[in-house]
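A short worksheet on the structure shown next.
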Amino acid sequence: MGFASGSMSFRRFAVVGQQPKQIDQDLLDKLTEFALQLGEYSVPDEVEYGWCGGRHVLDAKFSFEHNVFNDALHFALRIDTNRVPGDLKKAYQMMEEEAVAAQNPSGHISKNQRRDVKDVVRRKIEEELKSGRFRRSKLVPVLWDLPSHTLFTPASNQAAEKLLELFERTFGLELEPLGAGSLALRYCEKHGRRRDYEDARPTRFVAGPEGKSQTPDYPWVAKGPEPKDFLGNEFLLWLWHETETGSGTLKIEGGGEISLVLDRALDLECAYGQTGKDSLRADGCTRMPEALDALRSGKLPRKVGMIIETAGHQFQTTLSAETLGLSGTTVPEVEDAEDARVVFEERVAMLRDLARGLDGLFHAFLKLRISSSWESQVGAIRKWISRSGKQAAVAVA
């Protein structure tokens, strides 16, 4: 399940608070305490959620053997929905009303009888909910990496809200989404540059519909919870420029290098809210004329596929700009492993390497973004976009 095998999809959350230094029985007991418990007689709520051991949907056991790997705690959030479809409720109601009306001389149902029918239908629905006929279960994998104070999970939107609430209720710790804006704030505060974070405004890379004086407004960021998430879109554009104009090897914050190729997937959207979206799926999609035309029209990347080599490992993944979440991430095969536990622990180690590598790239971008060199970098990107557009036009001709 989740991180143990196959490809991985996740976003990251910082664990905030007095986190335990190591995994002990107390942590496992807390998971057990807040595991999803199904009532035998009561009518279930429409949505119920709690922890799950993760091996399967009915796994309510937590142990060092099955849930602890390389100083990381692996479990799941189970979310059950219990709803009778609206069309079925309507059918029950109509059938009961027709049966009652057929017994009346007038052939019509009275107001009091209609009220009684509602009670009959309600009891019927309650019995069916108790029986579990309409229960649907979903597991959301969770990997709590204690050494880095980070939670990895594919949970998003409503599932993420439930995860944050249940995690705080269980452990007394908060989860902070680590998207582009929040990671930028952490970086700037660490380096005494909080003011630079607060002053950051969207960069204009091409002229807007109203001319060069118009700056992008990133409509998708304006609707989101973090107003500085546009830095993630600028980060992907910077990566695109660096890989297209350089050797494909980038220096990261703190030393070291990462090899990077952007490929397979590219989603773009107009930062001015005017020219819509583009979604490209092909080898070399960042060099396609459609991609370059999109840049010139004011679109910026929101998601990009990449092959990244860091810490001696090669990963293939797709990176989302605002959340900095990864999807469809493949990690190298673990060779000569004695058992499944060794494989999982190696995968946890590689996951940490990948996260550190991506943070190193993002921090290198942020260091440039808040420096006096950013304007010259923007000039180089503008020329690249303009030049690429002309080259694409020549190639098509």
Side-chain angles (χ1 to χ4, degrees), residues 178-208 211-218 221 226-262 266 268 271-272 286-287 291-292 294-296 298-302 304 306 308-310 319-322 324 355-391:
L178 291 177
S182 59
L183 275 173
L185 175 58
R186 283 170 166 256
Y187 178 85
C188 289
E189 286 184 332
K190 180 180 178 180
H191 292 82
R193 306 289 294 271
R194 172 67 184 253
R195 183 63 180 270
D196 292 293
Y197 168 84
E198 294 175 347
D199 291 343
R201 298 292 181 271
T203 302
R204 181 188 64 79
F205 296 101
V206 300
K212 293 184 179 181
S213 62
Q214 184 182 8
T215 57
D217 53 11
Y218 291 90
V221 171
E226 175 50 70
K228 304 296 185 181
D229 275 346
F230 66 83
L231 291 168
N233 305 105
E234 295 186 2
F235 170 54
L236 291 195
L237 180 61
W238 175 75
L239 288 179
W240 188 352
H241 171 262
E242 294 300 296
T243 55
E244 290 294 324
T245 61
S247 63
T249 300
L250 290 78
K251 293 183 178 180
I252 63 175
E253 177 82 348
E257 295 180 336
I258 285 181
S259 296
L260 187 66
V261 175
L262 305 187
L266 178 63
L268 306 104
Y272 299 94
T286 57
R287 295 184 293 277
L292 303 173
L295 282 181
R296 297 203 320 278
K299 293 185 178 73
L300 285 177
R302 295 197 61 186
V304 63
M306 60 175 59
I308 178 171
E309 186 171 334
T310 180
L319 176 63
S320 296
E322 300 90 65
L324 297 183
R356 281 193 291 265
L358 287 174
D359 282 348
L361 282 175
F362 190 55
H363 292 164
F365 160 75
L366 290 173
K367 182 178 181 180
L368 174 64
R369 181 62 170 77
I370 62 177
S371 73
S372 58
S373 301
W374 178 239
E375 284 303 317
S376 62
Q377 179 69 58
V378 171
I381 293 176
R382 287 172 178 167
K383 290 180 181 178
W384 165 68
I385 293 174
S386 176
R387 185 170 61 250
S388 297
K390 294 176 182 178
Q391 291 173 348

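Count residues from 1 along the sequence. All heavy atoms count here, side chains included; hydrogens, waters and symmetry mates do not.
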- Message: Tell me whether Asn233 contacts the main-chain N or O of Ala321 through its side chain, where contact means a donor paired with an acceptor under 3.5 Å.
- Response: no
- Note on the structure: In this structure, CD1 of Ile252 is separated from CG of Leu260 (nearest 0.5 Å) by 11.5 Å
- Item | Side chain proximity check, Leu292 to Ile385, heavy atoms < 4.5 angstrom | no
- Message: As a quick check of understanding, evaluate side chain to side chain contact (heavy atoms under 4.5 Å, CB included) for Arg186 and Leu178, giving each step before the final call.
- Response: CA-CA 9 Å; Arg186 283 170 166 256; Leu178 291 177; 3.6 Å; yes
- Item | Nearest-0.5 Å distance, CD of residue Glu253 to CZ of residue Phe362 | 12.0 Å
- Query: Of Trp374, Trp384, Phe365, which is the lone residue that meets ring pair (Phe, Tyr, Trp, His ring centres under 6.0 Å) with Trp238?
  - Reply: Phe365
- Task: Please name the pair of heavy atoms, one in Arg382 and one in Phe205, separated by the smallest distance, quoted to 0.1 Å.
- Result: CG-O, 3.1 Å
- Message: I need the minimum non-hydrogen distance between Leu368 and Ser373, along with the two atoms involved.
- Response: CD1-CB, 3.8 Å
- Message: Can you tell me how far apart OH (Tyr197) and OG (Ser182) are? Round to the nearest 0.5 Å.
- Response: 7.5 Å
- How far does CD of Glu189 sit from CZ of Arg194, to the nearest 0.5 angstrom? 4.5 Å
- Contact check, side chains of Thr215 and Tyr272, non-hydrogen atoms, under 4.5 Å: no
- Item | Flag side-chain contact, heavy atom, 4.5 Å: Lys367 against His191 | no
- Task: Could you tell me whether the side chain of Lys228 and the main chain of Glu198 form a donor-acceptor pair under 3.5 Å?
- Result: yes
- Message: Quick check: closest heavy atoms across Val221 and Pro227, and the distance to 0.1 Å?
- Response: CG1-O, 3.5 Å
- Item | Heavy-atom closest contact (Leu268 atom, Pro301 atom, distance) | CD2-N, 4.1 Å
- Query: What do the steps show when you test Gln377 against His241 for side chain to side chain contact (heavy atoms under 4.5 Å, CB included), and what is the final call?
  - Reply: CA-CA 10 Å; Gln377 179 69 58; His241 171 262; 3.5 Å; yes
- Query: Can you check whether Tyr218 reaches Leu300 side chain to side chain, under 4.5 Å on heavy atoms?
  - Reply: yes
- side-chain contact (heavy atoms from CB on, under 4.5 Å) with Phe235: of Leu183, Leu319, Leu358, only one passes, and it is Leu319
- Message: What I'd like to find out is whether the side chain of Leu361 reaches to under 4.5 Å of the side chain of Leu250, using heavy atoms alone.
- Response: yes
- Item | Minimal non-hydrogen separation, Ile370 against Arg193, with atom names | O-NH2, 2.8 Å
- Side chain to side chain, Arg204 and Gln214, heavy atoms closer than 4.5 Å: no
- Item | Rounded distance (nearest 0.5 Å) linking atom CG of Leu266 with atom CZ of Arg287 | 11.5 Å
- Test side-chain contact (heavy atoms from CB on, under 4.5 Å) applied to Thr203 and Leu231, Leu237, Val378, the passing residue: Val378
- Task: Rounded to the nearest 0.5 Å, what's the gap from CD on Glu234 to CD1 on Ile381? Could you check?
- Result: 8.5 Å
- Is a donor on one side and an acceptor on the other found under 3.5 Å between the side chain of Arg302 and the backbone of Glu322? no
- Note on the structure: In short, Thr286 meets Ala291 closest at the heavy-atom pair O-CB, 4.0 Å
- Item | Main-chain N/O of Lys383 paired to Ser386 side chain as donor or acceptor, under 3.5 Å | no
